Structure formats: structure tokens, C-alpha cells
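Reviewing the structure listed below.
Lettering of chains follows the sequences in order, A, B, ..., and the numbering in each one begins at 1. Quick caveat, the model's predicted, so the values are computed rather than measured.
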Protein chains: 2
Amino acid sequence: MSAITIKMLARELNLAISTVSRALMDSYEISAETKEKVHALARQLNYQPNHYASSLRRQRSKTIAVIIPEISNNFFSHVINGIEAIAQEKNYHVLIYFTHENQQKEAEVIQHLLSGRVDGILMSMAGNTSNIQHLHPIREQGIPIVFFDRICADLDAPTVTTDDFDSSLLATHHLMEVGCKKIAYLSISPHLSIDCKRMQGFQQAIATKNGNVASLLLPCSTDPQRNQELITNMLATEKPDGIFASVEKLAITSYHACASLGLAIPADVKILSFSNLETASLLNPALTTIIQPAHDMGKSAATVLFNMLEKRKTRNWERNTVIRSSMIIRRSTQIAR
Amino acid sequence: MSAITIKMLARELNLAISTVSRALMDSYEISAETKEKVHALARQLNYQPNHYASSLRRQRSKTIAVIIPEISNNFFSHVINGIEAIAQEKNYHVLIYFTHENQQKEAEVIQHLLSGRVDGILMSMAGNTSNIQHLHPIREQGIPIVFFDRICADLDAPTVTTDDFDSSLLATHHLMEVGCKKIAYLSISPHLSIDCKRMQGFQQAIATKNGNVASLLLPCSTDPQRNQELITNMLATEKPDGIFASVEKLAITSYHACASLGLAIPADVKILSFSNLETASLLNPALTTIIQPAHDMGKSAATVLFNMLEKRKTRNWERNTVIRSSMIIRRSTQIAR
DNA sequence: AAATTCTACGGAAACGTTTGCATAAAACAT
DNA sequence: ATGTTTTATGCAAACGTTTCCGTAGAATTT
């Protein structure tokens, strides 16, 4: 029936509540035989400590929050997996919140977490978050927070990212090597750290060809429908011969756009993308991808957070962790024969 | 700084704690002007109620748990999305747990949740869960639970599923219509409700051809590496001309296996699968899929749970909700010309 | 033998809420 | 003027833990 408590164990065993509590947490001041009796009864009655009482008393909850834009995104689901692996190991629990790329929602979630609900926060910023007023209370209350992937540069907090700039540089060079003369960069949101870094890498690569390779910048939205129109239109009017998709879903939309226009990949347009698609190699044509170490980023971010929680001074290498992505070249950027 | 409490508000305003508490929850017995003063100060100091104290006092936490096998699976990430949509609406919080298809882990999670940590549970069973001893305490303690997709038939609880049997029947008939004479069913786990239902639909369809169509049953594992070997071997020795993959990842593995053997899809082998892959239509060849209404299943399961929490008697139609899947025929099951 | 230290336990306060009950002051009825 | 209801507030107990402090009795030291 109703859950059983320490008080009930105490009454049953003719012991004080405090004694039972201490026995359960294996305190040194309780005799071996008392401990044994308490544990035996606890097991028998299937006693489970009340997490809320416990969290209230000690001022920590053994719970962390993960705040992400969305989950229907391979990158984030792999990150969560990594986070959960570490959390499980540490016996922590994970509350999950989606902002749906919405600053308002992001602010609400954070507002709620200010109450001491969680011991720490792992976060990746929403796409349309343009100012960070809502983040300041976090630092004021001293709640440990680690940003991953979409970081907040203006807030002093540890970050875990991938080498967006270098990977983009490399990828853009690759596009140029296979003959692209006019490359479009599909941007997801100018407010996002990752988008900026990737675009910078892209532009720097373009710049090395001083004028011999043209570049194009297409700002996309969060609405797939609208993106499809934007990309189709861009392909039809500007006729780029290369597309650099900053995120996975823009690559997919580009594939659809090409199909609708009858453009052949890679003959007419070459495409590559940051992506964690498991089916990249099975696409028609197989998609050249920059694979982010999503799982490792999750594990790493969680590890940094737990170090903060355990008050180990964050070592320098933990302030800004960078884990490298790797590019896998496939048919979507092959030189057409 | 440290979080601010009702007690501090009370002292500041020279009111009793109880008055402040009641003012904050808009109790009718507090005068309008007092309420106004309290709210003003609360806003000014950015007061956030302590969730743990509140949960301890009233005996509910406004939190639900979602227990799923894994997240790197399109189906489950869409379900989570649906669940979160409803939870957000109801101002509930979501704790997420992964069992990694492991009964042991599943038992541990449930064991912990018995403490009143959550008001309700949404669950999809782990692949290797063969007995359900660990589920009984849930019912004994009367914690509301709703199963979705991978249900537990032996436990009296509401379920939300898709029409696995009918969809499989339909899909298998489709395979036979396009000329398959020897069809392999790739099973993920015989302990799983969905696998059983799907296999039954498959077998029933085969049976209608009394002997004219051969069937094959390949039990797969949770290890992709091993599955690749199993499927490759099966393709090489048994030479089926059709594959019915019970879950998405087995279809992907089948594609790889065909590639490694140089088998053409759909000319040599036709393939279809239950799947929520967004890239199904972009695969080479495009994959015929039975698309589960994942998002709706999540929303529906959450809705049923909240109805239970709000003590509305579960109406009959809510005991076992079935939401239909839809098959989309693509090139992987086309008649080869 | 007296004084001190250990050992093992009990009592009670605290964590921050919510809520049943009590009660002054005000309003109304007799 | 006295009695009754209403209104707005305060007091204190609870929720189930953890932990500070106190203390019998046993063990040890002086």
C-alpha cells in the first residue's frame, strides 16, 4: 500500500528515527548488528527513501537538467545518450526540457530551475535566443552550468564544443577541390555560436581563393516548409554548384529541393553537411558529412558538470573542451565523370 | 546568492508565513491588497517556490517519468516530443530513463520510482525483459502507469499502441503482391509485444497463400555488428527475395548487408520496415515504410496518464488506445523491370 | 577508585512548504 | 448594548529526511 518510511522502520525495531537513518547510510557510529537488523527489515519491506524529503534536507537533489532545443535531431539524441550514461554512473537523475528554439520557453525553464530544483544544468541554446538576460540569475545563484555545442559566449561558464571553424574550413576546401565555383552556405540562425563559427570557417576558406570562388549566404528558418521554398528558389535563381549545409536537416531539405528541380547530385550540385545521420551512407547519393562526436560531447559535458558539483576545481582544460569532428567524404561531393 | 523563501517574504512584509503562502496561491481568504503586496515583493525578489518542500508537503511532485529502451531511435525521440508537449501544457516535469534494453536496469529504475518520486509513469518495455516481477510493486503502490508501444500484456494498465498486426498483414500482402516468394521476417526480440504482433500479422498473411509463399524467421540481437553477420549470412544461404524488418535499424542493417553481398534492392531482394526514418524517401533505393504515429502516441499516452492523475475515471476508450500506422510504398518494394 | 574517553544510541531541530485550527477585529443582527 | 457571523490573519503541525547535540553505559586511562 502506501510507501513505507524511516519512522515505520524505527517503530517496528524499537529504535530512534535517527538511528535508523544512520544505519541506512552506514554511519560509523552504529553497531554492526543494529545495521544488520535495519537493513534486513528495510529490504524485507522494500523501503525506498523519499527523494523529496531527502533533497529538502540536504540541499541537493542528485538531479540535473538538460535543456535542449529539440529532440527530433540526431545530434541531440546522441548527446542525451552520452549525458545519461554518465548520470547513471553517478546515480544522478535527468530532467529534460525542450525549448523548441524559443527564447521565451528557454527563459521559463530557467526561471523554474532557479528554485534549487536541480544541482546543475547542461544546456544548448535555442536558435532564436538573441539576448541572455534570462541567463544571468543562473550565475547569480551560483548554479553550476555547462554549455555544449550551442554555447553562450557572453556567459562565463565551461563549454564543450566541436571544432566548428576548422571543420568548416576543411569541408569548404574539399568542396573547392572537387571543383565548386559557387558555393552556398545554408545558415540556421545567426544568433547561434555554431552557425557563426561554421560560417567563419566557410568564409575564410572562400577568401583564400581571392575571388575565384563565389559564395552565397542563405539564412534559413526553423520551418521546413519555408526552407524548402527558400532553397529551391535559391537553387533555381542563383544556380550554385555547391551547398554547405550548416545542419543536418538543411541537407535533407536540399536533397528534396534538388529532386523537385531535377538537379543531379553531385553532377549539378555537390552537397555536404554537418550531420549525425546514421543513414548518410545509404542516401541517394551517399552524403558527405562532418560527423560531430555527439555522444562524446554529451559524456564530456556531463563529466565537467559533475566535477563542478563535486567541487573539484575545474581544471583549465575543462573550461573549454573541444572534441574534433571528422569528415567522411561520400558520393554527394564526388567529381562527376 | 542563496534562493529566497516564503519565510523571507513574510519577515520583510511583517506577515505570517501562512499568509504569504496563501497569498501566493491566490487563496480567497486573503485580502486583495495583501495579495498585491506579496506578489509585488515576490516578483521583485524573483521568488521561486522550492519544489522539493512543496512536493514533500502535498504528496505529489508534478513530475512524471518516461522509461524507454533508448533514445537513438527515431520512434522514441518522436514519442518523447509528444509526451513533452502535453507535459509542458500541464506544467509537469519529465524525468527520463533509459533501460538500454536491459531488464536489470529497468528493475532498478522502477525500484527507485517507488519512493513517490513521480506522480506517474510512461513506459515502453525493454527488449530482454522476460519476466515482470519488478513491475508488480508499481500496481501495489498504486502509481499510475501507461504503457506505450512495447506494452506489458500481463499487467492491468492502459496502453497506447499502433495497429501492429493489421499493418504487418497489409505489408506482408504487399510484399507478396510485388512477387516475393520467400520472405524473411527479422525479429528483434520474442519478448516484445510489438514483435509478437508483427510476426503474427506476417505469418497470417503468409498462411493465406497456403504454401505458395515460403517464410523465414531470423531472430536478431541488440548488437548491430552481430546482426550484420546474421543477416548477411541469411541472405547468402537462404536467398530470400523479400525482407520484412520489424524495426528500423534492422532495415538499415539489411541495406548494408545487401550492399556487401552485391544484392540489388528491389531487383534481388525487396525490403520494407516499420520505421520513422525521415530520410526513408532519400535512401538508395527509397525505403517502403510503415510509419508509426510516434508523436501522436506520445501525446496520447501522456493524455491518458494525466487523466488518471486528475482522477477522471479512465474512460473505456482510454484503456487501450490504438492509433493506426500508415504504409508508404517506395522503390525498395517495386516490381523490378 | 576516580577521571576520562569511546561507543552506540536517542531527542529534537531543521529543510521550505501547505493547511487545519484558532482568533482578533470588523460587520451585522437582535 | 449584546450576541453572532464574517473577514483576514496568525500559530503550529505536518510531510520524511538528515544532522547537531546530548548522554547513558562501557571501556580505558590516571
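- Side-chain proximity of Arg58(B) to dA8(D), dT18(C), dT18(D): nearest is dT18(C).
- When heavy atoms are screened at a 4.0 angstrom cut-off, Thr34(B) is found touching the sugar-phosphate backbone but no base atom.
- Protein atom CD of Glu29(B) is 9 Å distant from nucleotide atom C1' of dT7(D), rounded to whole Å.
- Listed nucleotides dA13(C), dC9(C), dT18(C) differ in distance to Ile6(B); the shortest reach to its side chain belongs to dT18(C).
- Taking 4.0 angstrom as the limit, Ser18(B) places none of its side-chain polar atoms (N or O) nearer than this to OP1 or OP2 of dG10(D).
- Taking every heavy atom of both residues into account, His93(B) and Asn91(B) meet most closely at CD2-O, 4.1 Å.
- Remark: the Ser61(B) side chain and the Asp119(B) side chain contain an N/O donor-acceptor pair separated by less than 3.5 Å.
- One can place CE of Met8(A) at 12 Å from P of dC15(D), the figure rounded to the nearest angstrom.
- Side-chain atoms of Tyr97(B) do not come within 3.5 Å of backbone N or O of Ile68(B) as any donor-acceptor pair.
- Electrostatic pairing of Arg150(B) and Glu101(B) counts as a salt bridge here, judged by a charged N lying under 4.0 Å from a carboxylate O.
- For Glu33(B), the CD atom counts as loosely surrounded, since its 6.0 Å shell holds 12 or fewer non-hydrogen atoms of other residues, nucleotides or ligands.
- If Gln48(A) and Arg57(B) are placed on DNA chain D by their nearest nucleotide, the residue sitting closer to the 5' end is Arg57(B).
- In this structure, the CD1 atom of Ile30(B) is 13 Å from the P atom of dT18(C), given to the nearest Å.
- Listed pair Gln59(A) / dA14(C) fails the phosphate criterion, with no side-chain N or O lying under 4.0 Å from OP1 or OP2.
- In this structure, of dT18(C), dT17(C), dG16(D), it is dG16(D) that holds the atom nearest to the side chain of Thr5(A).
- If you measure from atom CD of Glu36(B) to atom P of dA8(D), you get 15 Å, rounded to the nearest angstrom.
- Side chain of Asn50(B), nearest nucleotide from dC15(C), dT17(C), dC15(D): dT17(C).
- Side-chain N/O atoms of Ser21(B) include none lying less than 4.0 angstrom from OP1 or OP2 on dT17(C).
- An OP1 or OP2 oxygen of dG16(D) is reached within less than 4.0 angstrom by no side-chain nitrogen or oxygen of Tyr47(A).
- Dashed line: the shortest gap from a side-chain N or O of Thr19(B) to OP1 or OP2 of dG10(D) is under 4.0 Å.
- OP1 or OP2 of dC15(D) has at least one side-chain nitrogen or oxygen of Lys7(A) nearer than 4.0 Å.
- dG16(D) atom P lies 15 Å from atom CG of Leu24(A), rounded to whole Å.
- Here the P atom of nucleotide dT17(D) and the CZ atom of Arg60(A) are 16 Å apart, to the nearest Å.
- Between Leu24(B) and Ala42(B) the shortest heavy-atom distance is CD2-CB, 4.0 Å.
- Rounded to whole Å, atom P of dG20(C) lies 11 Å from atom CE of Met25(B).
- Checking Val20(B) against Ala53(B), the closest nucleotide of DNA chain D that is more toward the 5' end is the one next to Val20(B).
- Closest to the Arg22(B) side chain, of the nucleotides dG10(C), dC11(D), dT17(C), is dC11(D).
- For dC15(D), neither phosphate oxygen OP1 nor OP2 lies less than 4.0 angstrom from any side-chain nitrogen or oxygen of Ser55(B).
- When rounded to the nearest whole Å, the span between NE2 of His51(A) and C1' of dC15(C) equals 14 Å.
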